[in-house]
Peer 1: 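Could you have a look at this structure, given as structure tokens, before my questions?
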There are 2 protein chains.
Amino acid sequence: MNNNENYDIFLGRFKEVLRRNSLKYTKQREIILQTIYNSTEHFTPESLYGEIAQNVSESKIGIATIYRTLSLLEKENMVTSISFGANGKKYEAGTKDHHDHMICDSCGKIIEFCDEVIEELQEKVALKHQFKIIDHVMQIHGICKECQD
Amino acid sequence: MNNNENYDIFLGRFKEVLRRNSLKYTKQREIILQTIYNSTEHFTPESLYGEIAQNVSESKIGIATIYRTLSLLEKENMVTSISFGANGKKYEAGTKDHHDHMICDSCGKIIEFCDEVIEELQEKVALKHQFKIIDHVMQIHGICKECQD
DNA sequence: CTGTGTGCAAACATTTTGCAAGCAG
DNA sequence: CTGCTTGCAAAATGTTTGCACACAG
């Protein structure tokens, strides 16, 4: 396992971001970063807040700090967010390679996938409209294998 | 122009929805449906509310009614909604053929497009995971031609 | 008539902000 | 020391709900 090594890289990027913006490396930001890094699931500000409150007895972090830190991380592309129909917005750590999501409307499960050809076609479409891609979102909604019973 | 004819079809679908759910055809629902149908832009509940207040002097429609009607229409697939990074959610009338969106992060403009091949590839990916597609969302974020100055 | 729909205001949920005190650099 | 950060509570947004009256079927 090279998880710790990966975390160091993630942490390094974060410190670089802080340096570049004259921001400070605080205990709170460290805890948030760690918790995000260790999250296997997609999370909301609220769920992150709850998880930290539960697992990290040493420190209280206000919900406002969670929001402020997530904004920073999103702006710096260290986390990405995906929006759902009605139920709001979930985040995930930007540690993985690019991928898209299949979302089960029945159980809420998220399946990640990546298709090179689709990616290329998107670029082709954008080019045709002289549109400069920054990012893209693709979600397939439906019913997962397990829920099709 | 066959706009009126198309509106009649749209209205017909709506009346059918009402009938099926034992709901009633009211002045408010009529006005909302018309306004949605005539909207060229994507809209929010708030913007719809404002537009109706401005254009339709005869009648006051409460914001709650807008929300209630939009929920109904979305449930019945007569409007679709797309979610944006942070700024919430916009709707569009479900009168057009399927298409996806390119969204300019600078000016907010929305360009619609449709690529058959991408659609097919999505189905192929879903099939591989035995995932049953209900719907899908694809957004390309970036900077439009005009804003690239 | 009956039961659904509506506007209004209050209730909620979520996210942002002002402020005084705390702490990193 | 200086100025970015934080927690808290208040404020701002966005959306939903309860209720009494209105109205479609």
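Naming: A, B, ... by sequence-line order, numbering from 1 per chain. The structure displayed is predicted, hence computed values, not measured ones.
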Peer 1: Check whether the side chain of Lys24(B) and the base of dG3(C) form a donor-acceptor pair under 3.5 Å.
Peer 2: yes
Peer 1: Separation of Ile32(B) atom CD1 from dG5(C) atom C1', in whole Å?
Peer 2: 11 Å
Peer 1: Of the candidate nucleotides dG25(D), dT6(D), dT6(C), which contains the atom at the shortest distance from the side chain of Arg68(B)?
Peer 2: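 Among dG25(D), dT6(D), dT6(C), the one nearest the side chain of Arg68(B) is dT6(C).
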Peer 1: For the side chain of Ala64(B), starting at C-beta, report the closest nucleotide among dC8(C), dT6(C), dG25(C).
Peer 2: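 Nucleotide nearest to Ala64(B)'s side chain: dC8(C).
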Peer 1: Using a 4.0 Å heavy-atom cut-off across all strands, classify Thr44(B) as base, sugar-phosphate, or nothing.
Peer 2: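 No contact at all - Thr44(B) keeps every heavy atom at 4.0 Å or more from the nucleic acid.
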Peer 1: When all nucleic acid strands are considered with a 4.0 Å heavy-atom cut-off, which category describes Lys27(B): base, sugar-phosphate, or nothing?
Peer 2: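 Result for Lys27(B) = nothing.
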Peer 1: Are OP1 or OP2 of dC23(D) and a side-chain N or O of Thr26(B) less than 4.0 angstrom apart?
Peer 2: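 Checking Thr26(B) against dC23(D): no side-chain N or O falls below 4.0 Å of OP1 or OP2.
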Peer 1: For a 4.5 angstrom cut-off between non-hydrogen side-chain atoms, does Leu48(B) reach Tyr67(B)?
Peer 2: no
Peer 1: Separation of Leu72(A) atom CG from dT16(C) atom P, in whole Å?
Peer 2: 13 Å
Peer 1: Could you tell me whether the phosphate oxygens of dT16(D), OP1 or OP2, come under 4.0 Å of any side-chain nitrogen or oxygen in Tyr67(B)?
Peer 2: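 Looking at the OP1 and OP2 atoms of dT16(D), neither is under 4.0 Å from any side-chain N or O of Tyr67(B).
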Peer 1: Do you see a donor-acceptor pair shorter than 3.5 Å between the side chains of Glu92(A) and His42(A)?
Peer 2: yes
Peer 1: Given dG7(D), dT14(C), dT6(C), which nucleotide is nearest the side-chain atoms of Thr65(A)?
Peer 2: dG7(D)
Peer 1: What is the distance, to the nearest angstrom, from the OH atom on Tyr91(B) to the P atom on dG14(D)?
Peer 2: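 Whole-Å distance recorded here is 13 Å.
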